[in-house]
Every structure is written in C-alpha cells, then in structure tokens.
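Inspection log for the structure reproduced underneath, given as structure tokens.
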Amino acid sequence: PATTTLEALDDKFAEAEKNCVVNYSFYFGATNDNVSLLPQLDVHRVCGVKVFMGSSTGNMLVDNKQSLSDIFRLSPLLIAAHCEDQQIISQNATRLATKYGNDLNVSYHPLIRSREACLASSRLAADLSRRSGARLHLLHITTAEELSLLGENVTGEVIEVVKGGNVEQAAFTDCETGVLVNSGFLDGLQVEEAKKTMIRWLEEKGIGHEKVNFKLRDWVFSRQRYW
C-alpha cells in the first residue's frame, strides 16, 4: 500500500524488521494533502520523499503547484521525483484519440507520455530544487536534456576524502592502501583503521555502536538496498 501517513510508514518498518534479511529503508510518499507531515520524518530512518509529478495510482499525484513548492521547501530528505507533465500528457492523449480513436495500443505510449512531457516536469523539479536547496533525484530519466538540468544543479567542488586517486574522474575505492584526508581526526589513517576509530568515537560519545544487521542470502536480491 502507498506509504503516505506516518502510521503506514511505521507499519512498513515494523514488517521489514520482522522479515527483511538485508539492509532496508523506505520512501515516504508525498501527496497534495500530507505536506505538513514532512518535517516530522526521521532523517536517519527514511531514505527519501517520493513525489509523482505526473500520473500515479491512488492519490499520490501531486499536481497542486503550492503543494509542490511546499514539498521542496519543507522536506528534510532527498526528493525522488517521477516527472511527467500531466497537462501535456492529457493534450497528447486527446489529440491522438481524436485522430486514431480511443483504442490506442502500446505503440502510442511514447507519443502520449512524450519527451516534452518529461522535460517540462523535470525542468520544474530542477527549478524547485534550485530555489529551495532541496536534494533532487530524478526517476526514470528519458532525455539528455534532463541530464543537463541536473548538471545545472551541481554546485561546489568534489572533496577528496580518500587520498590516492583523482576524484574529478572517479571515486578512489582502494581500501587497503587508501589514506583519509579532509576528515578531521581521521586524517592520516588507512580506511579500515579509520572505520574502527570512528566506531570507537561513536561508542565513547554514546551515540552509536557497531552492529551487523544483514545476512547475505542471495547476491541478486542483496544488491537491492531499498524496498
């Protein structure tokens, strides 16, 4: 079921705690009517807020401009947006039905949910993200133009935290030889030692502890972080 209330979110976490054998988290589904709940979401527990800026099942279509603006302004979490402009989709569907009849087959799908519909909605999402400072993840990117919108939103430099590579080209992931930099009291430590040091620091502060909370049962499914 759609997770659009705090009670439904708690129920989903309770069910996952009993049955899930891998790491998990869940999105909270934004609607036109539940924006006031967003500041109450636990940023250490919920992975993001999902927004359907186009057709959706149930009541999860967010087509109210004020609600959209408030979602981007109030969300303390990453916003994962499914972007399709509903007005353009409706216009395309009406135009094609008038020309070819109401019984349109699947071949008309890219003409109804057109690249223009995707781009218009993604442009709106990128603009809202830019103005509010909200983190944005576009789901199901369709066009190269949408990627360029995300490029415009990228700000600041890439900060190196493991010395040994060129972070402008790719992440450096050699945990055996990598040494931490730009990491405060962890500077100069190799990755594995830095992990142990951070765990000790968390335990001393009383704000965390070491825990293994997953079992690798099937590599195909264990790749999936969020369900």
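Reckoned from all heavy atoms, side chains included, excluding hydrogens, waters and symmetry mates.
Within the structure, ring pair (Phe, Tyr, Trp, His ring centres under 6.0 Å) pairs that include any residue of residues 110-136 do not occur (at least two apart or interchain). Legend: salt bridge (charged side-chain N to carboxylate O under 4.0 Å, His left out) pairs involving residues 69-82, not counting sequence neighbours, sorted by first then second residue: Asp70-Arg73. Applying the salt bridge (charged side-chain N to carboxylate O under 4.0 Å, His left out) test to residues at least two apart or on different chains, the pairs with a partner in residues 38-54 are Asp10-Arg45. Listed by first then second residue, pairs satisfying salt bridge (charged side-chain N to carboxylate O under 4.0 Å, His left out) with a partner in residues 183-199 read Glu192-Lys195, Glu193-Arg200, not counting sequence neighbours.
In terms of modelled atom types and a separation under 3.5 Å, the side chain of Thr98 and the main chain of Thr94 share a donor-acceptor contact. Although no hydrogens or angles enter the test, the distance criterion places a donor-acceptor pair under 3.5 Å between the side chain of Asn34 and the main chain of Thr31. Looking at Asn32, its side chain does come within 3.5 Å of a backbone N or O of Asn64 through a donor-acceptor pair. Side-chain atoms of Asp85 do not come within 3.5 Å of backbone N or O of Ser121 as any donor-acceptor pair. Put simply, the side chain of Thr4 never gets that close to the backbone of Gly29: no donor and acceptor are under 3.5 Å apart.
For His137, there are no ring pair (Phe, Tyr, Trp, His ring centres under 6.0 Å) partners, not counting sequence neighbours.
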Residues 14-22 side chain polar contacts: donor-acceptor under 3.5 Å, at least two apart:
| unit_1 | atom_1 | unit_2 | atom_2 | d |
| --- | --- | --- | --- | --- |
| Glu15 | OE2 | Asn19 | ND2 | 2.8 |
| Asn19 | ND2 | Glu15 | O | 3.1 |

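Ring orientation note: the planes of Phe13 and Tyr24 are tilted relative to one another, at an angle of 30° to 60°. Ring geometry for His82 against His140 counts as perpendicular: the plane angle is over 60°, on a 0 to 90° scale with 30° as the lower cut.
Salt-bridge formation is not detected for the pair Arg123/Glu146: no Lys NZ or Arg NE/NH1/NH2 atom is positioned less than 4.0 Å from an Asp or Glu carboxylate oxygen.
Under the 4.5 Å side-chain heavy-atom criterion for ILVMFWY residues, a single connected hydrophobic cluster contains both Leu41 and Val43.
No more than 12 heavy atoms of other residues, nucleotides or ligands shown are found within 6.0 angstrom of CD on Gln87.
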